[in-house]
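The figures here come from the full heavy-atom set of this structure, side chains too, leaving out hydrogens, waters and symmetry mates.
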Amino acid sequence: MTFTEIYQSRPAISFEVSPPKTADGVASLQKTMDELVTLKPALVTVTYGAMGSTQQTTQLLVTGFKKKYQIPVASHLTCISATRQSIRQYAETLLAHGVRHVVALRGDIPPDAAAQGRDVLGDFKHASELVAFIKQHYPQISMAVAGYPEKHLEAPDMRSDIQYLKQKVDAGADAVITQLFYDNQNYSRFCLECAAAGIRVPIIPGLMPVVNLHQIKRITSMCGATIPKDLMQQLDACGDDPMAVLECGVAWTVRQARELLAQKVPGIHFYVLNKAQAAEKIVKQLS
């Protein structure tokens, strides 16, 4: 089943989780996954650390989740510092365990790489090259790529960013999963620009419920996403009450999701930060 097929017949929900750094974290994530699976996701994706730093953990989680839950599980795969041989090895390990979905990314370049004179690009300079390589050698793997409704931080402008995305799709990607956003107009505008550029694959909106104000400020500052003034005012009004922040974040995401579903989006991808509480509240209200 390809990404296109996953999102073809119904508005599918999917979740993203990340590999923890400790054994306790892994145990906690396992509990979270047990709860998330009860929400009947069509797909779960597992992220991949900077410079491939969590490769082994990501691989173990992906293959373990696939075996335990018998649902489509996708591994993020970045090409920063990767070689063709390392990508071959990783892809073949996934296939050996029945995993046939990958989210193909370039990955973040360490900010100190240039200053230290380090060449971290490896055999691939762009995600489009990674997509083309996997498509050529492992056509049984279905790939999604990242899209940026508010533009990638490194792109000079939105038009250029859309063209970079089209290169990834033309290279063999089956779907686009967007970076988080809090204003649906950004997603709608992005989809129109993608269509004008000839991008025809499903574009899955990515939503991250706010569960911690400090955390979301840090995340959005790193990825270039903006927090609407109305949402920020509501969050500020919550003060230091964590449950009030959670309820505010859930309510905003529910409104976003309802609007998007009314627009007949192919599905919604939730960035859950390895916690199930907000996702459970949101999906219950959407049901």
Crowded around [X] [atom1]? As in, over 12 foreign heavy atoms under 6.0 Å?
X    : atom1 : value
R159 : CZ    : no
D240 : CG    : no
Q285 : CD    : yes
K275 : NZ    : no

Dump the intermediate steps for side chain to side chain contact (heavy atoms under 4.5 Å, CB included) on T45 and T47, then the final yes or no.
CA-CA 7 Å; T45 69; T47 67; 5.6 Å; no
State, to 0.1 Å, how close [X] and [Y] come at their nearest heavy-atom pair, and which atoms those are.
X    : Y    : value
M243 : D241 : N-OD1, 3.1 Å
A279 : L36  : CB-CD2, 3.9 Å
F3   : V102 : CE1-O, 3.6 Å
L246 : K281 : CD2-CE, 4.1 Å
T58  : H76  : CG2-O, 4.5 Å
A175 : V201 : CA-CG2, 3.9 Å

Atom [atom1] in [X], atom [atom2] in [Y]: separation rounded to 0.5 Å?
X    : Y    : atom1 : atom2 : result
H101 : S75  : NE2   : OG    : 12.5 Å
S287 : I13  : OG    : CD1   : 7.5 Å
I216 : N212 : CD1   : CG    : 8.5 Å
M208 : Q215 : CE    : CD    : 7.5 Å
I203 : L165 : CD1   : CG    : 7.0 Å
Y138 : L94  : OH    : CG    : 10.5 Å

Show, in sequence, the C-alpha distance, side-chain angles and deciding distance for E150 and T226, and conclude whether the side chain to side chain donor-acceptor pair (under 3.5 Å) test is met.
CA-CA 8 Å; E150 297 176 78; T226 57; 2.6 Å; yes
In sequence, state the C-alpha distance, the side-chain angles, and the governing distance for Y271 and H269, and then conclude on ring pair (Phe, Tyr, Trp, His ring centres under 6.0 Å).
CA-CA 7 Å; Y271 301 105; H269 190 64; 5.2 Å; yes
In one Ile/Leu/Val/Met/Phe/Trp/Tyr side-chain cluster, 4.5 Å: [X], [Y]:
X    : Y    : result
L286 : F15  : yes
I162 : L153 : no
V145 : Y148 : no
I227 : V245 : yes
L95  : V44  : yes

So, the side chain of [X] versus the backbone of [Y]: is there a donor-acceptor pair under 3.5 Å, distance only?
X    : Y    : result
K151 : A155 : yes
Q140 : R100 : no
D161 : H152 : yes
W252 : P209 : no
E129 : K125 : yes
T63  : Q59  : yes
T253 : G249 : yes
T32  : N274 : yes

Hey, does [Y] have a side-chain heavy atom less than 4.5 Å from the side chain of [X]?
X    : Y    : result
P11  : I268 : no
I87  : L77  : yes
P266 : I204 : yes
P72  : I6   : yes
E280 : E35  : yes
L213 : M232 : yes
V99  : T93  : no
L192 : R189 : no

Which of parallel (below 30°), tilted (30 to 60°) and perpendicular (above 60°) describes F65 and Y69?
tilted
Hey, what's the ring geometry for Y187 with F181, parallel, tilted or perpendicular (30° and 60° as the breaks)?
parallel
Presence of salt bridge, [Y] and [X], under 4.0 angstrom:
X    : Y    : answer
K68  : D34  : yes
R106 : E154 : yes
D123 : R84  : yes

Could you check Q55 against Y90 for side chain to side chain donor-acceptor pair (under 3.5 Å), going step by step and ending with a plain yes or no?
CA-CA 9 Å; Q55 184 182 82; Y90 195 85; over 6 Å; no
Going through the distances and angles, do M158 and E193 end up as a side chain to side chain contact (heavy atoms under 4.5 Å, CB included)?
CA-CA 9 Å; M158 181 58 82; E193 294 179 358; 2.9 Å; yes
Let's go through S14 and Y7 carefully: what are the C-alpha distance in whole Å and the side-chain angles of both, what is the deciding distance for side chain to side chain donor-acceptor pair (under 3.5 Å) to 0.1 Å, and is it a yes or a no?
CA-CA 10 Å; S14 52; Y7 293 106; 3.0 Å; yes
Checking R88 against F133: charged group under 6.0 Å from the ring centre and within 45 degrees of the axis?
no
Can you check side chain to side chain contact (heavy atoms under 4.5 Å, CB included) on L180 and T220, steps first, answer last?
CA-CA 8 Å; L180 64 100; T220 53; 4.0 Å; yes
Going by distance alone, is a donor N or O of one side chain under 3.5 Å from an acceptor N or O of the other, for T2 and S142?
no
Assess the side chains of S18 and Y48: does a donor N or O sit below 3.5 Å from an acceptor N or O?
no
Residue that, paired with N184, satisfies side chain to side chain donor-acceptor pair (under 3.5 Å) out of Q263, R258, E259
E259
Could you please spell out the steps behind the side chain to side chain contact (heavy atoms under 4.5 Å, CB included) verdict for I71 and L43?
CA-CA 7 Å; I71 62 174; L43 174 78; over 6 Å; no
